[in-house]
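Report on the following structure.
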Amino acid sequence: MTDSLDLFGQAIVEDAEKVFARLADLPDDDRMEVINAIRRALHEHSPMKGEPVDCVLWVDAEQVQANDYNPNVVAPPEMRLLQRSIMEDGYTQPIVTWPVDGAYEVVDGFHRHRVGKEVRAVAKRVRGRLPVAVIRPDRTGKSDRMAATIRHNRARGVHTVEGMSDIVLELAKRGKSNEWIANELGMQPDEVLRLKQVQGLAEMFADQEFSEAWEVSYDPESTAPEDPR
């Protein structure tokens, strides 16, 4: 917020805005390249220049290439959910890369990179580009990049059953149907029901039909049948 800037800082922002206004005169591709160059220049002056996420660039998707060592595989349901996430929410995370032979080799985000290349609607929306962040320059060796890939994969963790159950119940309380929850969270309908059951809230199943319970009749005076074995 510019409200927190002193007069000197406000003057810098105003000067920059005058320069940026000239970007409107450029074709989209040229404008994007100039913006990437400006971001690189800003990154060099940033107190956070040691953090890769401080400089996210939109580069030609064909420049972004898969590595040959990532063991991470995304199952079809999760891949569909990732595609839906990018379609609905946009790209919220850059693809982590390393520059190799004039291209950007993927360190993390291989499946985000696939969606941006293979899903026509997404590729059109992002104008054939992908958002990339480049890992620290000291990670030059392939072994360093391999280690970085595995760390990214393993550090994500997993969703706990209890946490997912809380989310499902909250969405249900907000009037969302089982079908909506399943579609939006990438679940199967029976998975939604199981997560509701975790909390044991009977009211969540008011609209579900269940068969009547039955009991086995037991006569303590009766004689058990012989074991046929």
Side-chain angles (χ1 to χ4, degrees), residues 1-67 70 79 81-142 144-145 148-149 151-152 155-156 184:
M1 295 179 61
T2 57
D3 292 345
S4 62
L5 297 175
D6 59 20
L7 291 177
F8 182 67
Q10 290 179 10
I12 292 175
V13 172
E14 290 171 2
D15 288 343
E17 288 176 344
K18 292 175 184 176
V19 173
F20 296 157
R22 296 165 58 188
L23 290 169
D25 297 330
L26 297 174
D28 284 353
D29 282 344
D30 292 343
R31 189 188 317 173
M32 198 68 257
E33 291 305 322
V34 172
I35 289 173
N36 281 340
I38 291 172
R39 286 176 174 161
R40 290 189 185 97
L42 284 172
H43 183 55
E44 288 301 310
H45 294 278
S46 172
M48 299 298 181
K49 63 182 298 183
E51 306 299 329
V53 76
D54 187 62
C55 185
V56 176
L57 307 174
W58 284 95
V59 303
D60 190 317
E62 295 308 313
Q63 287 185 277
V64 184
Q65 306 295 333
N67 61 54
N70 189 0
M79 191 65 189
L81 182 61
L82 175 61
Q83 177 179 329
R84 185 179 184 88
S85 173
I86 293 174
M87 287 286 293
E88 299 295 331
D89 306 322
Y91 271 101
T92 58
Q93 300 178 60
I95 296 155
V96 182
T97 64
W98 175 251
V100 177
D101 299 328
Y104 292 88
E105 180 184 271
V106 176
V107 172
D108 179 69
F110 171 70
H111 299 95
R112 296 195 296 279
H113 134 272
R114 277 189 57 196
V115 170
K117 282 186 174 180
E118 299 173 14
V119 179
R120 193 171 300 174
V122 174
K124 181 179 179 181
R125 192 184 72 203
V126 297
R127 296 175 169 81
R129 291 176 178 266
L130 289 171
V132 304
V134 177
I135 60 174
R136 289 173 171 170
D138 60 333
R139 316 305 292 174
T140 54
K142 185 172 182 178
D144 290 326
R145 300 197 301 276
T149 294
R151 282 196 297 271
H152 277 82
R156 287 190 180 91
E184 293 297 321

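Computed from a prediction, not measured in an experiment: that's the story for all the values here.
For Glu88, there are no salt bridge (charged side-chain N to carboxylate O under 4.0 Å, His left out) partners two or more places apart in sequence or in a different chain. Residues passing the side chain to side chain contact (heavy atoms under 4.5 Å, CB included) test with Val119 are Gln83, Met87, Val115, Val122, sequence neighbours excluded. With sequence neighbours excluded, the residues satisfying side chain to side chain contact (heavy atoms under 4.5 Å, CB included) with Glu105 are Asn67, Tyr69, Val100, Arg145. By the side chain to side chain contact (heavy atoms under 4.5 Å, CB included) test, Asp28 is found to be paired with Arg31, Arg127, residues two or more places apart in sequence or in another chain being considered. Partners of Val134 by side chain to side chain contact (heavy atoms under 4.5 Å, CB included), not counting sequence neighbours, listed by chain and number: Thr97, Trp98, Pro99, Tyr104.
Across all their heavy atoms, Arg112 and Pro94 have their closest contact at NH2-O, 2.8 Å. Closest of all the heavy-atom pairs between Val64 and His113 is O-NE2, 3.5 Å. For Trp58 against Asn36, the heavy-atom pair with the smallest separation is O-ND2, 2.8 Å. Closest of all the heavy-atom pairs between Gly116 and Leu130 is CA-CD2, 3.7 Å. Residues Leu5 and Val13 come closest through the heavy atom pair CD1-CG2, 3.7 Å. Minimum interatomic distance between Ala103 and Gln63 (heavy atoms only, all atoms of both residues): CB-O, 3.2 Å.
Between the OG1 atom of Thr92 and the CD1 atom of Ile86 there is a distance of 8.0 Å, given to the nearest 0.5 Å. The distance from atom OH of Tyr91 to atom CZ of Arg129, rounded to the nearest 0.5 Å, is 14.0 Å. Between Leu82 atom CG and Arg84 atom CZ the span is 12.5 Å, to the nearest 0.5 Å. One distance of note links SG of Cys55 with NZ of Lys49; it measures 11.0 Å at 0.5 Å rounding. Summarising the geometry, atom CE belonging to Met32 is positioned 12.0 Å from atom CG belonging to Asp60; distances are rounded to the nearest 0.5 Å. Here the straight-line distance linking atom CD of Gln93 with atom CG of Asp108 works out to 8.0 Å at 0.5 Å rounding.
No side-chain heavy atom of Ile12 sits less than 4.5 Å from a side-chain heavy atom of Asp15. No side-chain heavy atom of Val56 sits less than 4.5 Å from a side-chain heavy atom of Arg39.
Contacts classified as ring-ring contact (aromatic ring centres under 6.0 Å, His included) and involving residues 15-57 (residues at least two apart or in different chains) are not found.
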